[in-house]
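One structure is given below, encoded as structure tokens.
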Amino acid sequence: MQAGEKVICLDNYFTGQKSNISKWIDHSNFELINHDIINPIELKVDKIWHLACPASPNQYQKNPINTAKVNFMGTYNMLEIARNTKAPLLLASSSEVYGDPQVHPQREDYHGHVNTTGIRSCYDEGKRISESLCFDYKRVHNCKVHVARIFNTYGPRMLPNDGRVISNFIVQALSNKPITIYGDGLQTRSFCYVDDLIEGLMRLMNKDHSGPINLGNPMEITIRDVADLIREEINPSIPIVYKSLPEDDPLKRQPDINLALTALDWKPEVNLSRGLALTINYFRSIISTI
Ligand code: UDP
């Protein structure tokens, strides 16, 4: 929208909310359609940003069959539009294609370690089949595809009940509730601030590179240390409670971003303490409505 492009936004509001796009709703370049991409739709477009699918384990496990359908049927429907219109398609894939990785950090040529029958597989295998479909449409129909493997991302406008770690910890600390660490908290993740991620996605769409390309912040941190950073920022006396580790929760995760560096000239700019401060400010501003 800021680049003056016309935007058609499809959402079924499973995890999205209208308030996030309220400032564009009456704009003449903006059209909002309440649509679930599991169902086909005909559109005349010249770029497709396929970002659909809940990304929080909490949310995508609520209706796992639907999650698999969004990833297969939704991606199929979007690729059919790409085939008919010749529009390039960017797929928001995920670091979850690496599963519980046995190679660390994860490079794009690592094929992953995914449990095909576990509670995460609707999403992990979903993203894997959506990548397969993209590359088959490229080979069979000459479609232009761009596949981003997105690592843990956070920032303002996450839902308070999203369920992922950063929003959970911030909302808990701001509401004076104990911080819930799953397992021993020594598992690691690498957190990318949303603005950095969006910059990476835009560069990928505008380059002649199909990917897959990892997009994430390589700064790896334990979940315990995330809890401490957030407590220090909000209230160091907030207690921590330890809960059981969800099934198949990956032990560690860190992107190798050398490909993004060379192919897109991209690296994240916002460090975790700055990104957390911005995210905490956001949740502070909406906390009265939570
Ligand atoms: N986690 C936690 N407490 C929470 C939410 C998540 O300790 O309230 C842990 C979770 O078990 C995982 C990590 O934080 O090890 C990241 O979880 P998240 O759901 O944010 O994303 P994931 O990387 O697992 O998809």
Side-chain angles (χ1 to χ4, degrees), residues 13-23 51 54-62 94-96 120 150-200 215-246 249-255 257 267-290:
Y13 302 106
F14 185 71
T15 57
Q17 49 182 1
K18 257 194 186 152
S19 59
N20 284 343
I21 44 169
S22 55
K23 77 175 194 183
L51 313 172
S56 166
N58 200 25
Q59 307 285 348
Y60 71 64
Q61 286 162 17
K62 276 186 188 156
S94 168
S95 56
E96 284 287 327
R120 291 176 89 99
I150 301 173
F151 284 64
N152 295 63
T153 301
Y154 69 99
R157 301 195 196 158
M158 292 182 86
L159 290 175
N161 65 350
D162 173 273
R164 276 173 289 183
V165 66
I166 292 203
S167 47
N168 268 13
F169 286 1
I170 292 175
V171 171
Q172 288 161 346
L174 289 175
S175 358
N176 268 315
K177 293 192 181 127
I179 282 183
T180 53
I181 290 186
Y182 303 159
D184 59 12
L186 297 178
Q187 70 271 34
T188 69
R189 294 292 188 272
S190 309
F191 295 97
C192 186
Y193 187 67
V194 60
D195 289 5
D196 281 333
L197 194 265
I198 288 169
E199 178 62 31
L215 292 178
N217 189 321
M219 205 218 75
E220 186 183 10
I221 183 170
T222 66
I223 297 306
R224 261 193 214 183
D225 287 343
V226 173
D228 285 341
L229 279 178
I230 290 172
R231 286 163 81 227
E232 275 160 32
E233 196 69 33
I234 298 176
N235 175 358
S237 60
I238 291 281
I240 288 177
V241 290
Y242 287 88
K243 301 208 164 185
S244 55
L245 188 69
D249 199 286
L251 206 58
K252 49 190 175 175
R253 184 183 288 153
Q254 182 189 32
I257 59 162
K267 65 174 170 37
E269 303 291 343
V270 182
N271 66 27
L272 186 57
S273 57
R274 172 87 188 123
L276 282 180
L278 292 165
T279 310
I280 290 168
N281 277 349
Y282 167 75
F283 279 109
R284 271 212 174 97
S285 74
I286 61 157
I287 198 82
S288 55
T289 62
I290 293 176

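Under the 4.5 Å side-chain criterion, counting only non-hydrogen atoms from C-beta, Asp249 is in contact with Gln187. Looking at Pro268 and Ile257, their side chains come closer than 4.5 Å, going by heavy atoms from C-beta outward. The shortest side-chain heavy-atom distance between Phe169 and Ile181 falls under the 4.5 Å cut-off. Within the 4.5 Å cutoff, side-chain heavy atoms of Pro250 are placed close to those of Arg120. With contacts defined as side-chain heavy-atom distances shorter than 4.5 Å, the pair Ser94/Ile150 does not qualify. Under the 4.5 Å side-chain criterion, counting only non-hydrogen atoms from C-beta, Ser95 is not in contact with Pro255. The shortest distance between side-chain heavy atoms of Cys192 and Phe151 does not fall below 4.5 Å. Counting only heavy atoms from C-beta outward, the side chains of Ser190 and Pro218 never approach each other to under 4.5 Å.
Summarising the geometry, atom CG belonging to Leu276 is positioned 11.0 Å from atom CZ belonging to Arg274; distances are rounded to the nearest 0.5 Å. Taking CG of Leu159 as the reference point, atom CD of Gln17 lies at 5.0 Å (rounded to 0.5 Å). From Asn217, atom CG reaches atom CD of Glu269 across 10.0 Å, with rounding to the nearest 0.5 Å. To the nearest 0.5 Å, atoms CD1 (Ile280) and CD1 (Ile170) are separated by 4.5 Å. For the atom pair CZ of Arg189 and CG of Leu251, the computed distance is 8.5 Å after rounding to the nearest 0.5 Å. Annotation: the span from Leu215 atom CG to Ile198 atom CD1 amounts to 11.5 Å, rounded to 0.5 Å.
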Item to check | side-chain hydrogen bond (donor to acceptor under 3.5 Å, both in side chains) between Ser273 and Asn271, intermediate numbers included | outcome: CA-CA 6 Å; Ser273 57; Asn271 66 27; 3.3 Å; yes

Next on the checklist: Show, in sequence, the C-alpha distance, side-chain angles and deciding distance for Phe191 and Val270, and conclude whether the side chain to side chain contact (heavy atoms under 4.5 Å, CB included) test is met.
Outcome noted: CA-CA 10 Å; Phe191 295 97; Val270 182; over 6 Å; no

Item to check | Verdict with supporting geometry, Ser167 and Phe283, side chain to side chain contact (heavy atoms under 4.5 Å, CB included) | outcome: CA-CA 8 Å; Ser167 47; Phe283 279 109; 3.8 Å; yes

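Within 6.0 Å of atom NZ in Lys267, 12 or fewer heavy atoms from other residues, nucleotides or ligands are found, so the atom counts as exposed in its surroundings.
Across Gly155 and Tyr193, no two heavy atoms sit closer than the pair CA-CE1, 4.1 Å. Of all non-hydrogen atoms in Pro54 and Tyr60, the two that sit nearest each other are O-CB, 3.7 Å. What you find for Pro178 and Val241 is that their closest heavy atoms are CB-CG1, 3.9 Å. Scanning all heavy atoms of the two residues, the minimum distance from Thr188 to Glu220 falls at OG1-OE2, 2.6 Å. Between Phe14 and Gln59, the shortest heavy-atom distance links the atoms CE2-O, 3.8 Å.
Checked by atom type and distance alone, the side chain of Thr15 never pairs as donor or acceptor with a backbone atom of Tyr13 at under 3.5 Å.
Applying the salt bridge (Lys or Arg N to Asp or Glu O under 4.0 Å) rule to pairs touching residues 154-172 yields Asp162-Arg164, sequence neighbours excluded.
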Can you list, pair by pair, the side-chain donor-acceptor contacts under 3.5 Å of residues 221-228, counting residues two or more places apart and other chains?
from, atom 1, to, atom 2, distance (Å)
Thr222, OG1, Asp225, N, 3.1
Thr222, OG1, Asp225, OD2, 3.3
Arg224, NE, Asp184, O, 2.8
Arg224, NH2, Asp184, O, 3.0
Asp228, OD1, Arg231, NH1, 3.0

